[in-house]
Asker: 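First, the structure itself, so that you have it in front of you.
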Amino acid sequence: QVQLVESGGGLVQAGGSLTLSCAASGRTFGSSSMGWFRQAPGKEREFVAAIVYYGRSTDYADSVKGRFTISRDNVKSTVYLQMNSLKSEDTAVYYCAARPPYYNDLKRAVAEYVYWGQGTQVTVSS
């Protein structure tokens, strides 16, 4: 079992930056790939970024490529999402998610992730 807790959300002006953190507990954190997703009001939850166990491979949605960076610290059992050049359309609840234990691949579908955090709100004012 893996528990995920996000933090770092808040209100920021367009063009600003935020860094989200996702602290994981559970023995299998280091064995699986992780992802960030977001959900805006009235919209489906969508993929933002993913990273494999050793962090050597990452994947990004086209809408955030070049602006967001996903990283992880397996010693601290934490995944990060550095968000730069934020836009109003980035406003959403951001969720951290984990693939099943020992699944170390990059996936974009919500259904591919079995553990989820409670989410953290990011609001970008224009």
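Every heavy atom of this structure was used, including side-chain atoms; hydrogens, water molecules and symmetry mates were not. Nothing here was measured: the structure is a model prediction, and the numbers come from that model. Along the sequence shown, the residues carry numbers beginning at 1.
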Asker: Test F37 against every option in R45, E46, R108, E44 by the side chain to side chain contact (heavy atoms under 4.5 Å, CB included) rule and name the one that passes.
Answerer: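 So, applying the side chain to side chain contact (heavy atoms under 4.5 Å, CB included) to F37 and each of R45, E46, R108, E44, only R45 qualifies.
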Asker: If hydrophobic clusters are built from ILVMFWY residues whose side chains come within less than 4.5 Å, do Y95 and V122 share one?
Answerer: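 The answer is no; the residues belong to distinct hydrophobic clusters.
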Asker: Assigning hydrophobic clusters by single linkage (Ile, Leu, Val, Met, Phe, Trp, Tyr; side-chain heavy-atom cutoff under 4.5 Å), is V79 placed with V110?
Answerer: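 Not linked; separate clusters.
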Asker: Would you tell me whether Q13 and S125 have side-chain atoms, one donor and one acceptor, within less than 3.5 Å of each other?
Answerer: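 Side-chain D/A pair, Q13 to S125: absent.
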Asker: Give, for atom CH2 of W116 and atom SG of C22, the distance between the pair rounded to the nearest 0.5 Å.
Answerer: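 So the gap between those two atoms works out to 11.0 Å.
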Asker: Determine, stepwise, if the pair E6 / Y94 fulfils side-chain contact (heavy atoms from CB on, under 4.5 Å).
Answerer: CA-CA 8 Å; E6 302 96 335; Y94 283 71; over 6 Å; no
Asker: Kindly give the heavy-atom pair with the smallest separation between T58 and I70, and that separation in Å.
Answerer: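 For T58 versus I70, the nearest heavy atoms are CG2-CG2, 3.7 Å.
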Asker: Are F47 and W36 an aromatic pair by the rule of ring centers under 6.0 Å?
Answerer: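 When the ring centroids of F47 and W36 are compared, they turn out to be at least 6.0 Å apart.
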Asker: Within the distance-only criterion (no hydrogens, no angle test), does the side chain of T123 pair as donor or acceptor with the backbone N or O of T91 below 3.5 angstrom?
Answerer: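 Checking the backbone N and O of T91 against the side chain of T123, no donor-acceptor pair under 3.5 Å is found.
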Asker: Is Y113 reachable from Y60 through a run of hydrophobic residues whose side-chain heavy atoms are each under 4.5 Å from the next?
Answerer: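 Per the 4.5 Å side-chain linkage, Y60 and Y113 are not co-clustered.
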Asker: Got a second to check how far S25's OG is from L4's CG, nearest 0.5 Å?
Answerer: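 The OG atom of S25 sits 7.5 Å away from the CG atom of L4.
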Asker: Tell me whether F68 shares a hydrophobic cluster with V124, the cluster being built from Ile, Leu, Val, Met, Phe, Trp, Tyr side chains joined at under 4.5 Å.
Answerer: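 Shared cluster, yes.
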Asker: How far does CZ of R56 sit from CG of N104, to the nearest 0.5 angstrom?
Answerer: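 One finds 10.0 Å between CZ of R56 and CG of N104.
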Asker: Could you walk me through whether R72 and Y53 satisfy the side-chain contact (heavy atoms from CB on, under 4.5 Å) test, starting with their C-alpha distance in whole Å, then the side-chain angles of each, then the deciding distance to 0.1 Å, before giving a yes or no?
Answerer: CA-CA 8 Å; R72 66 189 291 167; Y53 169 44; 4.1 Å; yes
Asker: Going hydrophobic residue to hydrophobic residue with side-chain gaps under 4.5 angstrom, can you get from L81 over to L86?
Answerer: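 The answer is yes; both residues are in one hydrophobic cluster.
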Asker: Which atom pair, heavy atoms only, marks the closest approach of I51 to S71?
Answerer: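 Looking at all heavy atoms of both residues, the shortest contact is CD1-CA, 3.6 Å.
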Asker: May I ask you to check if R99 and Y103 form a cation-pi contact, with NZ or CZ under 6.0 angstrom from the six-membered ring centre and within 45° of the axis?
Answerer: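 Verdict for Y103: no cation-pi partner in R99.
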Asker: Would you say the side chain of K76 lies within less than 4.5 Å of the side chain of S21, judging by non-hydrogen atoms?
Answerer: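 The answer is no, as the side chains (C-beta and beyond) never meet within the 4.5 Å cut-off.
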Asker: Step by step, would you call M34 with C96 a side-chain contact (heavy atoms from CB on, under 4.5 Å)?
Answerer: CA-CA 7 Å; M34 303 287 294; C96 173; 3.7 Å; yes
Asker: Can you tell me which residue among R38, E89, K87 is in a side chain to side chain contact (heavy atoms under 4.5 Å, CB included) with S63?
Answerer: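 In the set R38, E89, K87, the residue that makes a side chain to side chain contact (heavy atoms under 4.5 Å, CB included) with S63 is R38.
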Asker: Has T120 got a side-chain atom pairing as donor or acceptor with S7's backbone, closer than 3.5 angstrom?
Answerer: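 Flag not set: sc T120 to bb S7 has no pair under 3.5 Å.
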Asker: Should R67 and M83 be marked as a side-chain contact (heavy atoms from CB on, under 4.5 Å) after you check the CA-CA gap, both sets of side-chain angles, and the distance that decides it?
Answerer: CA-CA 6 Å; R67 300 188 298 121; M83 306 185 293; over 6 Å; no
Asker: Are D62 and K65 close enough, and set up right, to give a salt bridge (Lys or Arg N to Asp or Glu O under 4.0 Å), and what steps lead you there?
Answerer: CA-CA 5 Å; D62 288 344; K65 197 171 295 183; 3.4 Å; yes
Asker: As a quick check of understanding, evaluate side-chain hydrogen bond (donor to acceptor under 3.5 Å, both in side chains) for D73 and T78, giving each step before the final call.
Answerer: CA-CA 5 Å; D73 184 334; T78 302; over 6 Å; no
Asker: Hey, could you give me the OG1/OH distance between T19 and Y80, rounded to the nearest 0.5 Å?
Answerer: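 T19 atom OG1 to Y80 atom OH measures 10.0 Å (nearest 0.5 Å).
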Asker: For the pair S31 (side chain) and Y102 (backbone), establish whether a donor and an acceptor sit closer than 3.5 Å, ignoring hydrogens and angles.
Answerer: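 Confirmed, S31 side chain pairs with Y102 backbone.
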Asker: Please report the closest heavy-atom contact between S32 and P101, naming both atoms and the distance.
Answerer: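 Closest heavy-atom pair between S32 and P101: CB-CA, 4.3 Å.
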